[in-house]
Structure formats: structure tokens, C-alpha cells
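Notes follow once the structure below has been shown.
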Amino acid sequence: MGFADQRFNVNLSILFTELPLLERPAAAAAAGFGAVELWWPWTDSPTPARSELDALRHAIEDAGVRLTGLNFYAGRLPGPDRGALSVPGEESERFRANIDVAADFAGSLGCTALNALYGNRVAGVDPAEQDALALENLVLAARAADRIGAVLLIEALNAPESPLYPLVSAPAAVGIADKVDEATGLGNARFLMDLYHLSMNGEDLPAVIERYAARTGHVQIADTPGRGAPGTGTLPLEDLLDRLAKAGYDGWVGLEYKPGDRPSAEAFDWLPRGARAAR
């Protein structure tokens, strides 16, 4: 097996960011990719104007790529925020306002994976209060995802870069997905296995794969250290993806890495062009 046997998509919120948002889908297509994913593109608005949503939809359709993953509104990302759904007050309300907007946009493009970042701990707020709020909002998000035939993704980040984020291990993220499934009865909450974040946390990645491959709805990769392309660090990504495939995972692998000091189009030399198309 190997990289050529995986299904890759490009995260347009970390790659091709040297281009305006509406030019990125075509750039990914020109690089040979047939599928893309996005963080919520409008960091200052959970409910952008219809014209902005339509413009992005048309850019994706005109490029001939598939949208295979989309984040719900998550605050300033990249930036200091790590989600909004567990943050009491205005941010939680913004997340709720975004739920149907994001789901409808995803559904219009046949996207079947929606990622809900949990949010940072807030000083002076009881963590139990945040967790209760998070479950309420995740239940709403899971129902919206189910309406369009999508899964709801729960992601673990890494403690060194996100010290206020409470889900910094695979068991923590899977535990939240289990609570959402128990609350909704829908069974559509899944683990987002980001091998970069888990590696930064020092987790035993082969053990994580063996234990949680069946609960995984999406995989993302970057090398460590540095969050660069495969081959720029020490993470055995080809072997890890082979392990995932052997464990039964056959979904998308999101390329969520930094291109480094070069244009994004030049950051894919590790992957044969013939292996980039959606399939």
C-alpha cells in the first residue's frame, strides 16, 4: 500500500491561502486534486450574506471539485479561538445561529462531514457548565448534520498549541462523540483523527488507530515537527495511513499542513499527481 492508495482532499484554509478564497478551489483542481475541505471561511460572521455563500458555492462547482468537509463557525481560526460551542454568551449564540447555515451550505454541495470544534475553557466559568452547554449545542449540530446525511466530527487538538482546549487526547474526543450519540440516538457523531495533533500530544498512534479506527469519520495529516508536508518531519505518515486502511478506514484524508516557504502548488511533490484525484 502507500500514499497512492489513499483518498486525499486539500484543506483550503491552510493551503492555497496566498490566494483569495474564491480562487482556491480552482488552484486545488489545477494541482490535480478533486476534493477540498474548509474551516468556516467567514471568521467574523456565522451568518454571511447569501451572495457570499453563493459565490463560494459557485467557485467550488466551477472548479469541478467536491467539498468533502466543512467546519461549523469556530471563532477566530486561525487565531486565539478553538471553537465557540462551549463558550457561554455571544459565542455560543453565534454557533447556534451558524448551525443551519453551515449545514445547508454543506448539503447544497453534497458535503457529508461537519466538524464542530469544542472551544477553549473560559476563566471563571465552571468547566461542568461549559460541558453541559457543549452537549446541548452538539446535539443540535448532530441533528442538523443528520438532516443532510452528514456525520458530526469531534476533533482532538494538541495541548502545546491549544492549552485551553479540553479535548487533547483521542479518548477525550471519542468520549464526547459517544455522549452525543447517546443523547440523540442518531449514531452520526464521529472522531476526527488528526495525526499531527495526536502526535504532538505524545499519543501511541498505532494504538489509537487500532482502538478508534471504527469510530473515525475523518482523518487529517501534517508532519511533525513544524506541521509541514509529509516527509518534512519525522512522523511515519505513510505507515500510519496503511495501518488505518488495514483497520478498515476508507474515508478521506485531509491535507491540513503548512506549505512552508513556497507556493502551495509546490507543496505536493510527495504525492504522485495520479493519486490526487477524487475517487
Side-chain angles (χ1 to χ4, degrees), residues 11 13-14 37-40 43 46 69-103 106 113-146 150-184 186 188-201 203 208 212 215-220 254 256:
N11 190 303
S13 298
I14 193 169
E37 63 183 30
L38 282 162
W39 303 341
W40 184 247
T43 57
L70 178 69
N71 282 21
F72 287 106
Y73 170 80
R76 293 162 293 175
L77 188 71
D81 299 329
R82 297 292 186 272
L85 63 91
S86 69
V87 180
E90 183 179 354
E91 279 298 273
S92 173
E93 292 170 4
R94 287 162 72 87
F95 176 84
R96 291 194 185 198
N98 175 250
I99 289 174
D100 284 335
V101 176
L114 289 162
N115 184 25
L117 285 173
Y118 201 81
N120 288 329
R121 291 302 194 203
V122 178
V125 179
D126 185 347
E129 177 186 341
Q130 286 196 253
D131 291 340
L133 176 61
L135 184 57
E136 290 178 13
N137 283 333
L138 287 168
V139 164
L140 295 174
R143 289 172 178 160
D146 181 69
V151 297
L152 175 71
L153 299 173
I154 309 296
E155 182 175 8
L157 301 183
N158 73 77
E161 294 176 325
S162 303
L164 299 178
Y165 191 82
L167 308 184
V168 289
S169 72
V174 173
I176 295 298
D178 289 345
K179 287 182 179 180
V180 174
D181 278 348
E182 182 179 357
T184 65
L186 296 172
N188 70 333
R190 298 283 188 274
F191 175 40
L192 196 168
M193 185 186 291
D194 187 311
L195 296 176
Y196 166 76
H197 288 306
L198 299 180
S199 173
M200 288 285 288
N201 284 327
E203 295 193 57
V208 168
Y212 295 121
R215 289 291 283 126
T216 299
H218 186 46
V219 172
Q220 291 175 332
E256 198 185 48

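Just so you know, residue 1 is the first one in the sequence shown, and it goes up from there.
Taken to the nearest 0.5 Å, the CG atom of Asn188 stands 6.5 Å off from the CG atom of Asp181. Atoms CG and CG, on Leu186 and Asp146 in that order, are 4.5 Å from each other to the nearest 0.5 Å. Between Leu85 atom CG and Leu138 atom CG the span is 4.5 Å, to the nearest 0.5 Å. To the nearest 0.5 Å, atoms CG (Leu198) and CZ (Phe191) are separated by 5.0 Å. Once rounded to the nearest 0.5 Å, the distance linking CG of Asp81 with OG of Ser162 reads 11.0 Å. A distance of 9.0 Å separates CZ of Arg76 from OG1 of Thr43, quoted to the nearest 0.5 Å.
Not one N or O on the side chain of Asp100 forms a donor-acceptor pair closer than 3.5 Å with the backbone of Ala144. With Asn201 contributing its side chain and Leu157 its backbone, the two residues share a donor-acceptor pair below 3.5 Å. Between the side chain of Thr184 and the backbone N or O of Val139 there is no donor-acceptor pair closer than 3.5 Å. Using modelled atom types, no side-chain atom of Arg121 and backbone atom of Pro163 make a donor-acceptor pair closer than 3.5 Å. Counting only distance, with no hydrogens or angles, the side chain of Asn137 and the backbone of Ala84 share no donor-acceptor pair below 3.5 Å. Glu37 contributes no side-chain N or O that, together with a main-chain N or O of Gly254, makes up a donor-acceptor pair within less than 3.5 Å. Using a distance-only test at 3.5 Å, with no hydrogens or angles considered, a donor-acceptor pair links the side chain of Thr216 to the main chain of Tyr212. Of the possible donor and acceptor atoms, one in the side chain of Gln130 sits under 3.5 Å from a partner among the backbone N and O of Asn120. Checked by atom type and distance alone, the side chain of Asn98 pairs as donor or acceptor with a backbone atom of Pro46 at under 3.5 Å. Asp126 contributes a side-chain N or O that, together with a main-chain N or O of Ala128, makes up a donor-acceptor pair within less than 3.5 Å.
Proximity of Trp40 to Val101: side-chain heavy atoms (C-beta onward) are separated by under 4.5 Å at one or more points. A heavy-atom distance below 4.5 Å is found between the side chains of Leu38 and Ser13. Side-chain contact between Leu135 and Val180 is present, with at least one heavy-atom pair separated by less than 4.5 Å. Residues Tyr196 and Glu161 meet the side-chain proximity criterion, which asks for heavy atoms closer than 4.5 Å. Contact annotation: the side chain of Phe72 never approaches that of Leu153 to less than 4.5 Å [non-hydrogen atoms, C-beta and beyond]. In this structure, the side chains of Arg215 and Arg190 come closer than 4.5 Å at one or more pairs of heavy atoms. By the 4.5 Å heavy-atom criterion applied to side chains, Leu117 and Arg82 are not counted as neighbours.
In terms of heavy-atom proximity, Ala150 sits nearest to Leu114 at CB-CD1, 4.5 Å. Of all the heavy atoms in Ala172 and Leu167, the pair that sits closest is O-CD2, 4.0 Å. The minimum heavy-atom distance between Ser169 and Ala156, with the atom names listed, is O-CB, 3.5 Å. Closest approach of Ser92 and Leu133 over heavy atoms only: OG-CD1, 3.5 Å. The two residues Glu203 and Ala170 have their closest heavy-atom pair at OE2-N, 3.1 Å. Residue Ile154 comes nearest to Ala173 through the heavy atom pair CG2-O, 3.6 Å, listed as atom of the first residue, atom of the second, then distance.
The residues Arg96 and Glu136 are annotated as salt-bridged, a charged nitrogen and a carboxylate oxygen being separated by less than 4.0 angstrom.
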Q: Might you work through the side chain to side chain donor-acceptor pair (under 3.5 Å) test for Asn115 and Asn71, ending with a clear yes or no?
A: CA-CA 4 Å; Asn115 184 25; Asn71 282 21; 3.2 Å; yes

Q: Verify side chain to side chain donor-acceptor pair (under 3.5 Å) between Tyr73 and Arg94, making sure each step is shown before the conclusion.
A: CA-CA 8 Å; Tyr73 170 80; Arg94 287 162 72 87; 2.9 Å; yes

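Other residues, nucleotides and ligands place no more than 12 heavy atoms under 6.0 Å from the CD atom of Glu182.
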